[in-house]
Amino acid sequence: MLTAWSRWKETPRALLLVAGLTAAGLMTQVAAPEADAVVRTAVRVQVDSEAEREVVRAVMLDLWTDSDAAPRFDVVVDANDIERLREEGIEVEVLVPDVDALAAEERERLASAEAARPGNWFAEYRDYETVDAYLDMLAARRPAFAQVEELGASVEGRRIRTLKFSTGGEGRETIVLNGGQHAREWISVMATTCIADRIVNEYDEDRRIRAMLDRFDVYVAPVINPDGYVYSWESDRYWRKNRRGGYGVDLNRNWSVGFGGSGSSSNKRSQIFKGPRPFSEPETQALRDLIVREKTVAHIDFHSYGQMILYPWAYSKTPAPDRERLSSLANIMASAIARTHGKRYKPMTGRDLYTAGGTALDWSYGERNAAGYTIELRPDGGRRGFVLPPEQIVPTCDESFEAVLAMADTLDR
Ligand code: 0X9
Ligand code: ZN
């Protein structure tokens with residue numbers, strides 16, 4: 001019997017409306033951090049009018065989270081501008097007094113002997129080379145069903161690789177999981193690598209993993225943006241985009257559905273620079289080609305932060321034709337997460353958070369009719385933002401893996 005879930009692939013293609021070119025949205029112009037020039041402070045602002053929003057935009061150095069729904073969002077400003085914002089009547093809560101000091105503290109920790117010590121690999125963040133080598137180690141452990149595959153190469157020529165899990169069977173439906181579209185969102189790299197680790201190391205004991213692989217091929221690609229990731233380790237902890245031309249393209253604005261619409265920018269300096277045309281970047285091409293080549297029924301693009309499960313559309317207010325199913329699957333994942341360590345991840349459409357044109361989830365759904373999600377991992381707030389304490393890698397992996405298993409189980413019905 002065909003259930004709602006197994007009929008997923010037969011739903012007629014969504015009619016895609018090109019989002020109106022309202023440039024107002026998220027035109028963030030981001031200044032490069034000048035060495036030692038200013039103390040950069042992450043703050044949560046509460047704005048009560050478009051005019052106040054403009055005041056914040058005018059002074060902000062970086063945008064950490066945005067929200068159209070709530071009048072609150074997290075930005076980085078010069079510490080000297082905080083008083084000015086308050087004088088304008090804007091509520092300002094300091095989240096990280098000195099974001100560069102926080103990054104320096106993390107860098108020191110990573111350089112310490114303790115971080116280098118073998119033991120639990122997931123007790124600390126790992127750099128690109130180490131993650132890439134770990135994929136080979138995982139594949140070697142279970143060659144019967146795990147292989148490493150090269151998906152392509154980045155702008156600077158680094159390889160973009162994925163683990164492929166397949167226990168056989170021709171033309172299986174496929175689940176694609178990726179991390180690291182955004183360089184600074186390190187937890188997305190670690191959580192996806194850890195999900196792959198669980199599949200390899202717990203396959204024999206966990207019948208839910210076996211059930212998933214009996215039914216689906218699963219791809220896990222932890223570092224879609226290797227150049228940006230390396231740059232965030234070596235030069236600028238808060239780098240988001242790829243490294244095209246030194247300015248970078250926001251890979252999560254470079255997909256073709258809603259490309260160039262509201263919530264993306266034509267300005268190279270913007271954090272949400274969309275690039276010259278859809279799929280202009282080898283990193284988005286690599287992931288797209290995998291999703292197209294396989295019978296992809298679900299795609300989760302992991303990000304941070306905010307603890308949210310976002311489903312289509314991100315680019316438009318129009319409800320997605322499969323909105324009910326997308327939302328019920330998001331609720332199922334949120335419950336699985338909550339049961340793990342009690343963390344609340346809020347399900348909503350991408351658009352409910354803020355409009356974003358050219359994102360991966362909209363493309364996977366709109367072009368491939370797959371269940372497309374962005375999961376924003378920990379933390380929930382900006383107290384440390386992208387610099388999540390390493391003790392939280394494993395619990396974040398626990399809850400993400402539960403979400404993936406719950407999704408696979410639901411899709412199987
Ligand atoms: O803006 C993004 O690309 C994602 N958030 S992040 O803070 N990790 O950069 C969210 C994309 C999903 N879509 C919408 N929120 N509209
Ligand atoms: Zn992101």
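First listed ligand is number 1; within each ligand, the first listed atom is number 1. All values below come from the heavy atoms of this structure, side chains included, with hydrogens, waters and symmetry mates left out. If you read the sequence from its start, that first residue is 1, and numbering goes on from there.
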Heavy atom of Gly263, distance to ligand 1 below 4.0 Å:
no
Open item on the list: What verdict does the side chain to side chain donor-acceptor pair (under 3.5 Å) test give for Asn252 and Thr359, after you've listed the backbone C-alpha separation in whole Å, the side-chain angles of each residue and the deciding distance to 0.1 Å?
Closed with: CA-CA 5 Å; Asn252 209 27; Thr359 57; 5.0 Å; no
Leu310 heavy atoms within 4.0 Å reach ligand 1 at atoms 12 (C), 15 (N)
Got Ile309 and Ile337 here, is their nearest side-chain heavy-atom distance under 4.5 Å?
yes
Note to self: Under 3.5 Å between any N/O of Asp250 and any N/O of ligand 1: does that happen in this structure?
What the structure shows: no
for atom 15 (N) of ligand 1, nearest protein heavy atom and its distance come out as Gly350 O, 3.4 Å
Under 4.0 Å from one or more heavy atoms of Thr374, ligand 1 contributes atoms 12 (C)
Nearest heavy-atom approach of Pro312 to Thr349 is O-CG2, 4.0 Å
When Glu399, His341, Gln307 are each screened for side-chain hydrogen bond (donor to acceptor under 3.5 Å, both in side chains) with Arg378, the one that passes is Glu399
Honestly, for Tyr354 the part within reach of ligand 1 (heavy atoms, under 4.0 Å) is both
Heavy-atom proximity to atom 11 (C) of ligand 1, picking from Thr355, Asn252, Asp362, points to Asn252
For atom 6 (S) of ligand 1, the closest protein heavy atom turns out to be Glu376 OE2, 3.4 Å
With respect to Arg240, determine whether any N or O atom, backbone or side chain, lies less than 3.5 Å from an N or O atom of ligand 1.
yes
For ligand 1, is there an N or O atom under 3.5 Å from any N or O atom of His303? yes
For Glu185, the atoms of ligand 1 under 4.0 Å from one of its heavy atoms are 6 (S), 8 (N), 9 (O)
In ligand 1, the atoms that come under 4.0 Å of a heavy atom of Arg253 are 1 (O), 2 (C), 3 (O)
For the Zn ion (ligand 2), the nearest N/O/S atom on His182 is atom ND1
Between Asp250 and the options Arg240, Gln181, Gln271, the side-chain hydrogen bond (donor to acceptor under 3.5 Å, both in side chains) test singles out Arg240
Original post:
Trp255 ring centre to Arg288 NZ or CZ under 6.0 Å, with the angle to the axis within 45°?
Top reply: no
**Prompt:** Looking at Phe216, does the NZ or CZ of Arg172 lie under 6.0 angstrom from its six-membered ring centre and within 45 degrees of the ring axis?
**Reply:** no
For Ala314, the atoms of ligand 1 under 4.0 Å from one of its heavy atoms are 13 (N), 14 (C), 16 (N)
Suppose we call two aromatic rings close when their centres sit under 6.0 Å apart. Are Tyr125 and Trp233 close by that rule?
no
| task | Report the relative orientation of the aromatic rings in Tyr229 and Trp186; use parallel for angles under 30°, tilted for 30 to 60°, perpendicular for over 60°. | result | perpendicular
- Item | Residue Glu185, metal the Zn ion (ligand 2), N/O/S under 2.8 Å | yes
Of all the N, O or S atoms in His303, the one nearest to the Zn ion (ligand 2) is ND1
Is the terminal nitrogen or CZ of Lys268 (NZ for Lys, CZ for Arg) located under 6.0 angstrom from the six-membered ring centre of Tyr247 and within 45° of that ring's axis?
yes
